[in-house]
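Inspection log for the structure reproduced underneath, given as structure tokens.
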Amino acid sequence: MASDILDELSWRGLIAHSTDLDALRRELTGDRVTLYYGCDPTAPSLHVGNLVGLIVLRWFQQAGHRPIGLAGGATGFIGDPGGRSSERNLLSEAEVTHNVERIGEQLARFVDLSDGRGLLVNNIEWTAGLSVIDFLRDIGKHFPVNVMLAKETIRNRLESGGISYTEFSYMLLQSLDYLELFRRHGCRLQVGGSDQWGNLTAGVDLIRRVEAASVHALSWPLVTSVTGEKFGKSTGGGSLWLDPELTSPYAFFQYWINVDDRDVGRYLRCFTFLAREEIEVLEAAAVERPAAREAQRRLAEEITSLVHGAAETERVIAASRALFGQGDLADLDPATLAAALAETPHATVSAPLPSVVDLLALTGLAASKSAARRTVAEGGAYVNNVRVADPDAAPTAEDLLHGRWLVLRKGKRSLAGVELKPA
RNA sequence: GGCGGGUUGCCCGAGUGGUCAAAGGGAGCGGACUGUAAAUCCGCCGGCUCAGCCUACGAUGGUUCGAACCCAUCACCCGCCA
């Protein structure tokens, strides 16, 4: 049963590279294997880019193995040179500490930590007390610089303007993590995105040299959308965060609802735990009846409940159904309308209603009043689904739904609520 | 330490005294079309009290009627030399 894990991951498009796959498969069919995935605390939240890692950990846990989530309190200070063309800005200690805490909470939601079935660690534990001399003698000695220079991440940086010694050293720290987890917890597998492959194998090499042990690394392909690298960037341009404070569950849900038809099958495979047969049915449906958007709906529901829980997902679905439904907004009952608008960006205003331009800016639908003015001029502004022509006109009392609300829309899919505060 | 090159709007990148809120591309936004999709076409894309005004071309100061463009100083980046 547990032997199916690699096949499962492979079917889901989650295997890019691996060290000896057959040897890994043998280990996985035997005893419980301990594996780890690390995230650096570069922000106070993980984003969808890290979601694959969390999902992979859970797959392994479900297959009976023991996952370790690592929050990089130490590596977060250094900055991973991979995937970028220039140096990172260093974070302050307070930022890193705060971020580690938040990220730990998120990791804990995907990995069952009860009864030692999973672990949460911070690499500051074994690096804080490490002296420079010990580090250079015990770790640095095992890293041939010529090998490091050949790694793709380093090479890219050398070609695009250089790299500091600090970031150059990142690989050593990540390798040290693997070594420590091997020693402390018998960790024999590190998983990560394919951009981490160089760091993953560096750890494997270090363990072979120091401990004469053969351990494994497994990477998944970086998830991309058909239209290019903008995956994970929400339509507003920012990242899609897992933290509801940074990306509202409504916006999160909407992102997945709007996924391109060509991507939806792939995303169902790698971002959900739905059974193969079910995904195949959904993929077929997406081809045969694209208008129904069943696959996107299911994808959005699954991922949103994975990240934000079933209850929040119910609220978001209800809101989307109410606001994007065919019916007249005026027909929605007050409770439904209020609940729906609560999920969208919204603003509260008092007595004399502001102009449409002000409302667009106030709710954040438009980045500025100038942008709002443009939207109106372009015919993209709607109040209660009715296009607005005059940017300076203010909605009247008759426009208010149930005497209190306005549904503001920009374009086809950006909605916001406005509530009139009772005088 | 020396010499040379560079720093432009979300990103890339043109611009070397007025015609510059700054070419072009990408991203993004709106419209038409539609399926809260893609493709295509059209329009937009610094801010504001919007036929006008304000702020911007690494920072500061200067020359000039006038500077992203000239000069000086500083900061950072890149290359070559020591």
Side-chain angles (χ1 to χ4, degrees), chain A residues 83-90 157-164 167 224-240 248 250-268 282-283 285-301 304 316-327 329 340 343-345 354-358 360-383 385-394 407-416:
Chain A
R84 19 190 324 127
S85 55
S86 59
E87 287 280 310
R88 286 173 191 273
N89 293 320
L90 294 176
R157 284 289 297 276
L158 289 176
E159 281 162 15
S160 68
I163 183 170
S164 68
E167 288 194 16
T224 53
S225 71
V226 284
T227 45
E229 335 112 76
K230 65 175 180 181
F231 173 77
K233 300 295 178 190
S234 64
T235 43
S239 293
L240 257 200
S248 75
Y250 171 81
F252 188 84
F253 182 85
Q254 286 296 318
Y255 176 85
W256 300 106
I257 277 282
N258 283 307
V259 156
D260 192 307
D261 291 338
R262 291 167 293 181
D263 289 322
V264 73
R266 243 167 359 103
Y267 291 179
L268 279 167
L282 286 168
E283 285 178 324
V287 173
E288 290 158 25
R289 301 182 298 279
R293 302 175 69 67
E294 291 164 49
Q296 275 91 341
R297 261 173 243 286
R298 199 59 208 277
L299 175 71
E301 289 172 20
T304 308
V316 168
I317 292 172
S320 298
R321 194 174 292 140
L323 297 171
F324 283 101
Q326 318 299 344
L329 288 170
E343 300 296 331
T344 69
S355 68
V356 175
V357 162
D358 288 331
L360 284 168
L362 211 58
T363 53
L365 276 188
S368 67
K369 287 190 190 178
S370 293
R373 215 169 274 283
R374 256 178 254 129
T375 297
V376 175
E378 290 166 339
Y382 307 79
V383 169
N385 287 341
V386 177
R387 180 176 281 173
V388 176
D390 181 0
D392 296 312
V407 176
L408 210 58
R409 178 156 65 91
K410 187 187 77 157
K412 278 182 293 193
R413 50 193 192 183
S414 304
L415 288 159

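Note that the structure is a prediction, hence the values are computed from the model and not measured. To find a chain, count down the sequence lines: A is the first, B the second, and so on, and within it residues start at 1.
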Handout entry: Gap between atoms CG and P, on A/D261 and B/U34 respectively (whole Å)
Key = 16 Å
Exercise for the section: Please state the C1' separation for the pair B/A22 and B/U55 - nearest whole angstrom. Expected result: 14 Å
Exercise for the section: Side-chain contact test, heavy atoms from C-beta onward, threshold under 4.5 Å: evaluate it for A/L408 versus A/L360 and give yes or no. Expected result: yes
Handout entry: Atom C1', compared across B/A68 and B/G17: separation rounded to whole Å
Key = 10 Å
Exercise for the section: Answer yes or no: is there a donor N or O on one side and an acceptor on the other, between the side chain of A/R409 and the main chain of A/G411, under 3.5 Å? Expected result: yes
Practice task
Give the rounded distance in Å between these two atoms: CG of A/D358 and P of B/C50.
Solution key: 11 Å
Practice task
In whole angstrom, give the distance that lies between atom CD of A/E167 and atom P of B/C77.
Solution key: 13 Å
Problem - Atom-to-atom span, CD of A/Q254 to C1' of B/G35 - whole angstrom - result: 14 Å
Completion exercise
Side-chain contact check for A/R413: nearest option of B/A38, B/G47, B/A37 is B/A37
Practice task
Would you indicate, yes or no, if B/C33 has its OP1 or OP2 atom less than 4.0 angstrom from a side-chain nitrogen or oxygen of A/K412?
Solution key: no
Completion exercise
Rounded to whole Å, the NZ-P distance (A/K369 to B/C53) equals 20 Å
Completion exercise
Checking N1-N3 plus N6-O4 or O6-N4 for Watson-Crick, or N1-O2 and O6-N3 for wobble, each under 3.5 Å, the partner of B/A23 is none
Handout entry: Minimum-distance nucleotide to A/E378 side chain [options: B/G43, B/C33, B/A38]
Key = B/G43
Handout entry: Pairwise P distance for B/G5 and B/A51, with rounding to whole Å
Key = 46 Å
Practice task
Check whether the side chain of A/T375 and the base of B/C29 form a donor-acceptor pair under 3.5 Å.
Solution key: no
Practice task
Taking atom C1' in both B/C77 and B/G58, compute the distance separating them and give it to the nearest angstrom.
Solution key: 11 Å
Handout entry: Nearest to side-chain heavy atoms of A/R374, which nucleotide of B/G43, B/A38, B/C45
Key = B/C45
Handout entry: Distance, P atom - from B/C33 to B/G25, rounded to whole angstrom
Key = 26 Å
Exercise for the section: Rounded to whole angstrom, note down the P distance from B/U73 over to B/C29. Expected result: 46 Å
Fill in the blank from the handout: Of A/A371 and A/R321, the one whose closest nucleotide on RNA chain B sits nearer the 5' end is A/R321
Problem - A/L415 side chain reached by A/Y250 side chain, heavy atoms, under 4.5 Å - result: yes
Completion exercise
Walking RNA chain B from its 5' end, the first of A/S320 and A/D392 to be reached, judged by nearest nucleotide, is A/S320
Problem - N/O (side chain, A/S370) to phosphate O (OP1/OP2, B/G46) under 4.0 Å - result: no
Practice task
If B/A32 has a Watson-Crick or G-U wobble mate with both distances under 3.5 Å, name it; if not, just say none.
Solution key: B/U40
Fill in the blank from the handout: Between CZ of A/R289 and C1' of B/A38 the distance, given in whole Å, is 19 Å
Problem - Residues A/S248 and A/E343: side-chain donor-acceptor under 3.5 angstrom - result: no
Problem - Nucleotide forming a Watson-Crick or wobble pair with B/U60, both distances under 3.5 Å - result: B/A72
Handout entry: Pairwise P distance for B/C53 and B/G62, with rounding to whole Å
Key = 25 Å
Practice task
To the nearest Å, give me how far apart CZ (A/R293) and P (B/G35) are.
Solution key: 10 Å
Practice task
Would you kindly give the CG-to-P distance between A/D390 and B/C50, to the nearest whole Å?
Solution key: 13 Å
Practice task
With P as the reference atom in both, quote the distance from B/C74 to B/C3 in angstrom, rounded to an integer.
Solution key: 12 Å
Handout entry: Within-4.5 Å side-chain heavy-atom neighbours: A/D392 and A/R373
Key = yes
Problem - side-chain N/O A/Y382 vs B/G31 OP1/OP2, d < 4.0 Å - result: yes
Exercise for the section: Tell me whether the OP1 or OP2 atom of B/A32 has a side-chain N or O from A/R387 closer than 4.0 Å. Expected result: yes
Handout entry: Residue pair A/E301 / A/V316, side-chain heavy-atom distance below 4.5 Å
Key = no
Fill in the blank from the handout: When every non-hydrogen atom of A/R266 is compared with those of A/E283, the smallest separation belongs to N-OE2, 4.4 Å
Handout entry: Nucleotide forming a Watson-Crick or wobble pair with B/C80, both distances under 3.5 Å
Key = B/G2
